[in-house]
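These notes are about the structure you will find just below.
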Amino acid sequence: MNESRYDSIRGSVNYSEVRCVEVAVIGAGISGLAVADQLIRAGLSVCVLEARARVGGRLLGSPFDLGASWFWPGEHRVMALTQRLAIETFEQYRIGDALIDDIAGLQRYPGNPIDVPSYRIAGGTSALAAALTADLPSGTLHLKQPVHEITSELHIAAREHRWQAHHVVIALPPSLAVNAIKLPPELPEELTDVAARTPVWMGDSVKVVAHFKEPFWRRDGLAGAAISRRGPLAELHDMSGPGGEPAALFGFVRAASMHDDIEFEIREQLIRMFGTRASEPIDVLIQDWSREQWTVPPGTYGLPDYAKFGHSIYQQPALAGRLHWSSTETAPTYAGHIEGALAAAERTVTSILGSCVVKN
Ligand SMILES: Cc1cc2nc3c(=O)[nH]c(=O)nc-3n(C[C@H](O)[C@H](O)[C@H](O)COP(=O)(O)OP(=O)(O)OC[C@H]3O[C@@H](n4cnc5c(N)ncnc54)[C@H](O)[C@@H]3O)c2cc1C
């Protein structure tokens, strides 16, 4: 680090207590990790402060995805990242008929109109976060360090340490940031207002993965794709790995429908729809994102205004170009997707590298 850049800081803080970096990234989801990766490659000093004891945020689970699973044709940032990191991808299994489950009974729908062409990542999307993390210089990532305050001078208070940065990147959902972090009072009211009303993508979802010994539905000519109006899983898809190994189906339940007996009902539903061979899953994994403190602020899931995604106010850094918004919700394209998180990271990196700090 070129310490001369911090002359102005040095006068105002006690170095025995404050750690200095050029850029502090808050959140080690895919967006924050991508920002850190690119800035470090450009030669900046960076710390990544992560609240959880793990990286990845809404990328969770291996080999089964309990957060994001797919990326789609045209999402070139995700594709490029998998290629750079030498991460294996494969096509989502779509071959066979779909099922429609409603009160009239179970219908087999010829062909599969439910699954669109998409790609998956072998070992789960968390492999992206793991690979980016492995490339970070030691001492960059700080786990179990929820940030609770950012001051006007860009002092950052995390659980164990205070940091001083020239740029701060808020790489977590905006509504969570305004709820959990005391932000500088100079931030425009419109910004904090938009942030408070920006929904968290998939923050009201519960993802369920049923792991089986083999993908028996494929032998019956079924794609594993289904729509159910009876529930509790409203839609289902094949979640097996490459070549059907390991074998799994997954589905979503709305968080509002959760109750103590949900796993029993899910198991009954699987048998009703896929027959007795579905009666003995190796495991049923249930991930309720609405209860995740570091994804969704309390009382806000179900915010309705998705038009706030990619709002123009997120596209310009605040505080004289030093405070940046970088979660997927802030991306003007592909917001909500991994691709959006990478697009937001790209904008943040361009903005920071274009700023005067780097031109010194
Ligand atoms: C069930 C589900 C299914 C999905 N399916 C898909 C899919 O198939 N395809 C797709 O493209 N996308 C999908 N998504 C969305 C995708 O997961 C997200 O777009 C992406 O992971 C968001 O990355 P992010 O870095 O912007 O935010 P996050 O992953 O939310 O990362 C934010 C990070 O900030 C940390 N943090 C929070 N508060 C603090 C704090 N105060 N201090 C420090 N750190 C903090 C969090 O712990 C987290 O690590 C899905 C999401 C879910 C939940």
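Atoms within a ligand are numbered from 1 in the order they appear, just like the ligands themselves.
Proximity annotation for atom 33 (C) of ligand 1: of A177, A345, P146, G29, G29 comes nearest, heavy atoms only. When the options A68, G336, A341 are ranked by their closest heavy atom to atom 15 (C) of ligand 1, first place goes to G336. Scanning W294, W201, Y334 for the heavy atom closest to atom 37 (C) of ligand 1 points to W294. Residue G67 holds the heavy atom nearest to atom 3 (C) of ligand 1 of all those in G67, A51, G27.
In this structure a side-chain-to-backbone donor-acceptor pair under 3.5 Å is present from H324 to G321. Checking side-chain atoms of Q92 against main-chain N and O of F71 turns up no donor-acceptor pair under 3.5 Å. Between the side chain of E339 and the main chain of V78, a donor-acceptor pair closer than 3.5 Å is present.
At the top of the distance list for atom 47 (O) of ligand 1, counting protein heavy atoms only, stands E50 OE2, 2.5 Å. Protein heavy atom at the shortest distance from atom 30 (O) of ligand 1 is R58 NE, 2.8 Å. When hydrogens are left out, the protein atom nearest atom 52 (C) of ligand 1 is M202 CB, 3.4 Å; that is the closest non-hydrogen contact. With hydrogens left out, the protein atom closest to atom 32 (C) of ligand 1 is A171 O, 3.3 Å, a heavy atom.
There is no side-chain donor-acceptor pair under 3.5 Å between R230 and Q269.
For W72, every heavy-atom contact with ligand 1 shorter than 4.0 Å involves the side chain, none the backbone.
Under a 4.0 Å N-O distance rule, the pair R108/D220 does not qualify as a salt bridge.
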